[in-house]
Structure formats: C-alpha cells, structure tokens
Amino acid sequence: MPETVTTAAPALGKTPGSDRSRARARAARNRAILVQTTRALVLLAVIGLWEWLARAAVIDPFNFSMPSKIWDQLRQWALHGTAQGSLWEQVWYTLYEALLGWGIGVVAGVVLGIAFGRIAFLADVLGPYIKVLNALPRIVLAPIFLIWFGLGPASKVASAVVLVFFPVFFNAFQGAREVDRNLVANSRILGASNRQVTLQVVIPSATSWIFTSLHVSFGFALIGAIVGEYIGATKGLGLLVSSSQGTFNAAGVYAAMVILAVVALLAEGLLTFLEKRLFRWKPAQPGSDR
C-alpha cells in the first residue's frame, strides 16, 4: 500500500506570527533590562572610582569632595534642615519658580510661534527683533531682573521665562511652517475658516515639534531659577549652592546639584509619559528604549 504522508496541524491558538511577536517582545524586554542594568553599573563605577580617588588623595577631597560626604550632606539637610529652612521648602521654592516660568514661557512661545508661522506679515516685520533677542546672552539678564523685581520669586520666574521662550517659540514656528499644505488646502475646500484650520490642522500637526522643545525647556527653566537664586535670593536651591560655595563646602554644592538632577529626571520622565500617551499612534523609533 502506498504510504500516506500526514502533516501535523499547528497547535491551536499558535501561529508563526504570534510566535515572532512574542519573540520580539521578549527581545525588547531583555534589551531594556540590559540597558537599565548597564546604566546602573556605569553610575556605580563612577561613584566608586570618585570615592576611591578622593580617599587615596589622588584628587583633593576638599575641592572635589566625595560621594560619602555628599550623602552625609543630603541626609543632614533632609533630617535637620538648612540654614535657610527645611530642605523641602528650598526644593519647592525653586520648583515653583521653575514651573511658573516654564508655563509662562511655553504658553508665550507656542502662541507667538504659531502666530508667526501662520501670519507671514507678522513674521516678516517682527522676525528680525526675535532673532536679535535670541542672540543676547540671556543669563546676563538675571541681574537686570533682580534690579527690576527684587529678591523675590518674580526675578527668577522672569529668568526662567526668557530661557524657555525661545526654544519653544522656534519649534512651534517651524512646526506651523511644516504643516502639510495638502491638509490645509483640503480643509479650506471643506469650508474651514482660518481659525478652524489653525486649531484643527496646524496646532495638532505642530504638537510633535512643541513636545520636542518641552523636554529641553524645563531644564532651561531650572537653570533660570537657579541662576537667579544664585545671584540674589532669600530661599531656594540656588541660594544653597551660593551659601555652600561661600563656606567652601564642596559637598553642599554637589548635594544641591544631585537634588536638581533628580528633579530634572522626574520632570523628564513625566513629559515622556505624557508624550507616549498623546502620540501612541506614532511608531517607535528603531533602537529606542524610551
């Protein structure tokens, strides 16, 4: 009798496509774990090397301090407060100034950027003035704001605003200019007014550009607040840096920098989370683990 050839049916619920998807997900998970582990190891190696070099007197521990002293300074501030008050009050004061300056700078940058991108006459007339203001070294405006607004938070907020405004403005402006002309033309054919085109076509198309600037601009807001506090303030992390420098307390300077880095990383994580929620339709970038 001729032999009959039988083929095994694939297992119920399993397909080559689903196997490949699970393999890709497993590979992405393994890569993310590898990346996070390597990051932690690099940080531990740097901290360990720094501690060893300071203890071995290869570098001057008075000028460069060491991680153990920085940790002791952070713990002392957290448990016993600073000369200006509790540590959390200093953190909140700086964060309040940075957030307020960031919010004002973002709103002003988005509104004016979209307006300049949509109204060519406005861009032609005021564009050169924006470029001149952008060319100014904005950090040197902090002493002027201190004279105008005093030692209170207003001068620090103003410093944060001028640092945040320009990157947001230019990204919003470019995003408004890069809108697909076919979308605009089709909207007009369907009877959309200028206001509807701006709100329903231009702004959604420019959102990706705007979010790109938000990641950078919050760091600028922190810089503006810290620089303003460093020059003159009654509270804040910038004042902690200035006071620590004045007493040759290198550990205090580094401890304040660590706090700022943590705040900036938390803000970056929150912005990344919001961006992922808003742009879930966008394909992930190759090799991105964000």
Side-chain angles (χ1 to χ4, degrees), residues 35 39 43 91 93-117 123 127 129-142 145 153 155-179 202-231 236-238 241 256-280 282-290:
V35 168
R39 286 175 180 172
L43 178 61
V91 173
Y93 199 76
T94 299
L95 191 58
Y96 163 75
E97 295 165 346
L99 284 172
L100 185 57
W102 183 70
I104 295 172
V106 166
V107 171
V110 169
V111 171
L112 291 179
I114 296 294
F116 277 49
Y129 296 105
I130 295 291
K131 291 178 182 178
V132 169
L133 292 174
N134 184 49
L136 292 175
R138 290 181 289 280
I139 289 296
V140 303
L141 294 175
F145 293 144
S155 58
K156 288 72 178 174
V157 171
S159 298
V161 168
V162 296
L163 286 174
V164 169
F165 171 78
F166 289 98
V168 176
F169 169 83
F170 285 114
N171 270 46
F173 174 78
Q174 192 65 28
R177 286 291 180 92
E178 293 292 331
V179 175
V202 175
I203 292 179
S205 298
T207 303
S208 182
W209 287 81
I210 294 168
F211 256 91
T212 300
S213 67
L214 296 187
H215 289 280
V216 180
S217 61
F218 185 77
F220 287 162
L222 278 175
I223 292 172
I226 291 297
V227 169
E229 291 171 351
Y230 184 85
I231 294 174
L237 293 175
V241 173
M257 291 170 60
V258 169
I259 296 171
L260 285 171
V262 171
V263 171
L265 285 175
L266 290 175
E268 171 68 18
L270 179 60
L271 286 172
T272 301
F273 172 77
L274 292 175
E275 186 177 15
K276 285 183 177 180
R277 293 296 299 270
L278 286 174
F279 299 107
R280 282 179 293 185
K282 289 180 66 176
Q285 296 294 328
S288 173
D289 61 336
R290 289 173 54 184

Tell me, please, which residues at least two apart from [X] pass side-chain contact (heavy atoms from CB on, under 4.5 Å).
| X | value |
| --- | --- |
| L136 | L133 |
| F169 | L112, F116, I130, F165 |
| L266 | V262 |

Please name all residues satisfying ring pair (Phe, Tyr, Trp, His ring centres under 6.0 Å) with Y230, sequence neighbours left out, ordered by chain then number.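 Y230 satisfies ring pair (Phe, Tyr, Trp, His ring centres under 6.0 Å) with no other residue.
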Quick one: ring pair (Phe, Tyr, Trp, His ring centres under 6.0 Å) partners of F218, sequence neighbours excluded?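 Only W102 meet the ring pair (Phe, Tyr, Trp, His ring centres under 6.0 Å) criterion with F218.
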Output the distance between atom [atom1] ([X]) and atom [atom2] ([Y]), rounded to the nearest 0.5 Å.
| X | Y | atom1 | atom2 | answer |
| --- | --- | --- | --- | --- |
| I223 | I139 | CD1 | CD1 | 6.5 Å |
| R138 | F145 | CZ | CZ | 10.5 Å |
| K156 | T94 | NZ | OG1 | 10.0 Å |

Provide the closest heavy-atom pair for [X] versus [Y] in the form atom of the first, atom of the second, distance.
| X | Y | answer |
| --- | --- | --- |
| G117 | F173 | N-CD1, 3.5 Å |
| A142 | I231 | CB-CD1, 3.6 Å |
| Y93 | P153 | OH-CD, 3.4 Å |
| A160 | A225 | CB-N, 4.5 Å |
| P167 | S213 | O-CB, 3.7 Å |
| V106 | S217 | CG2-OG, 4.4 Å |

Less than 4.5 Å apart, any side-chain heavy atom of L237 and any of L222?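 Heavy-atom side-chain distance check fails, nothing below 4.5 Å.
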Would you indicate whether the side-chain heavy atoms of I104 and V164 approach each other to under 4.5 Å?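 No. Closest side-chain heavy atoms not under 4.5 Å.
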Side chain to side chain donor-acceptor pair (under 3.5 Å) pairs, two or more places apart, involving residues 103-113: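 Non-adjacent pairs meeting side chain to side chain donor-acceptor pair (under 3.5 Å): zero.
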Using a 6.0 Å cut-off, check whether atom CZ of F170 has over 12 heavy atoms from anything other than its own residue.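 Enclosed: over 12 neighbouring heavy atoms sit under 6.0 Å from CZ of F170.
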